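Reviewing the structure listed below.
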Amino acid sequence: MASTDTLQRRGLMFILSSPSGAGKTTISHMLLAADDEIRLSVSATTRPMRPGEEDGKDYHFVSDEEFDRMVEEDAFYEWAHVFDHRYGTPKAHIRAGLKEGQDFLFDIDWQGTQQLYQKDQQDVVRVFILPPSLEELHRRLKGRGTDSTEVIAGRMERARAEISHWDGYDYVVVNDNVDTCFAKVREILHAERMKRARQTGLIGFVRGLMQG
Ligand code: ADP
Ligand code: 5GP
């Protein structure tokens, strides 16, 4: 929610994308830990809950019928089949949150970014994170230790295609030093919050200033 020392404002949809391994997850976690006014967008999915997951926190877990109904009612900003299940970004709670000044973080690829942008240009802020070099990207993917050599080779092959979408973003930040990159991403978020069009409390505030 907007903190007490700022004017009432509309929330924003903050999108972070990057080629796999460039640091999108790292920066997302830092942002969520550092800033109370931004929350991760929670998707709906038809896949079963995994141990340790929580309904409403990791995902909204819904049945196939419920998902069908939501698609029919145009309840998603976007949705997709991933593996054997369906995933989508539900509109209702995001719309309500934006109105109250809640910001939402989206950790999504360029296709998801395009879809969200088409649905709601005024609320979307698109940030793309680049690695300093492909050699460093490879080092990070190896260093992360989550993928096999084959998976890393696949990610490296896709990296060039992903990087080619850099011009579909409002901001591009090179993640060389992680703290510097995080500071830049925060500056973007802070500045975007102050955009005149988002400060819904301005008219009343300025009117008060004039009268006082
Ligand atoms: P993505 O979510 O884009 O796939 P991650 O955030 O998982 O990428 O980062 C990939 C790996 O690189 C992780 O091990 C992370 O700790 C590391 N990393 C992220 N940013 C930097 C950086 N600026 N310098 C060095 N290592 C980094
Ligand atoms: P998992 O089942 O491992 O949580 O997620 C599987 C995949 O679904 C991931 O690649 C993730 O990015 C994708 N995914 C999660 N939520 C959404 C969503 O709302 N929309 C789309 N298009 N993909 C999603």
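Quick caveat, the model's predicted, so the values are computed rather than measured. Note that ligands are numbered from 1 as they come in the structure, with each ligand's atoms numbered from 1 the same way. Throughout, residue positions are numbered sequentially from 1 according to the sequence presented.
Regarding atom 10 (O) of ligand 2, its nearest protein heavy-atom neighbour is V82 CG1, 4.5 Å. What sits closest to atom 7 (O) of ligand 1 on the protein, heavy atoms only, is R144 NH1, 2.9 Å. Nearest protein neighbour of atom 11 (C) of ligand 1, counting heavy atoms only, is R140 O, 3.7 Å. Taking atom 19 (O) of ligand 2 as the reference point, the nearest protein heavy-atom neighbour is S43 OG, 2.6 Å. Regarding atom 6 (C) of ligand 2, its nearest protein heavy-atom neighbour is Y87 OH, 3.5 Å. In terms of protein heavy-atom proximity, atom 8 (O) of ligand 1 is closest to G23 N, 3.2 Å. Remark: minimum distance from atom 3 (O) of ligand 2 to any protein heavy atom is reached at R50 NH2, 3.2 Å. Of all protein heavy atoms, the one closest to atom 10 (C) of ligand 1 is G21 O, 3.5 Å. Among all non-hydrogen protein atoms, the one lying nearest atom 6 (O) of ligand 1 is T26 OG1, 2.5 Å. Among protein heavy atoms, the minimum distance from atom 20 (N) of ligand 1 is reached at N175 ND2, 3.1 Å. Considering only non-hydrogen protein atoms, atom 20 (N) of ligand 2 sits nearest to E78 OE2, 2.7 Å.
The contact set between ligand 1 and T25, taken as ligand atoms under 4.0 Å from a residue heavy atom, comprises 1 (P), 2 (O), 6 (O). Taking a cut-off of under 4.0 Å to the non-hydrogen atoms of P19, the atoms of ligand 1 that pass are 3 (O). Close contacts of ligand 1 with S20, meaning ligand atoms under 4.0 Å from a residue heavy atom, involve 4 (O). Annotation for ligand 1: atoms under 4.0 Å from non-hydrogen atoms of S18 are 3 (O). In summary, the atoms of ligand 1 found under 4.0 Å from a heavy atom of D176, numbered by their order in the structure, are 22 (C), 23 (N), 24 (N). Atom numbering of ligand 1 starts at 1 in the shown order; those under 4.0 Å from a heavy atom of N177 are 23 (N).
Geometrically, R47 does not engage F61 in a cation-pi contact defined by less than 6.0 Å to the ring centre and at most 45° from the axis.
In this structure, Q111 does not count as a contact residue of ligand 2, since none of its heavy atoms falls inside 4.0 Å of the ligand. Remark: distances from the non-hydrogen atoms of G112 to ligand 2 are all 4.0 Å or more. Using a 4.0 angstrom heavy-atom cutoff, G143 does not count as in contact with ligand 1.
Within the 4.0 angstrom cut-off, atom 24 (C) of ligand 2 has one or more protein heavy-atom neighbours.
With a heavy-atom cut-off of 4.0 Å, R47 touches ligand 2 through its side chain alone.
Close N/O approach between Y59 and ligand 2 is found [any backbone or side-chain N/O within under 3.5 Å].
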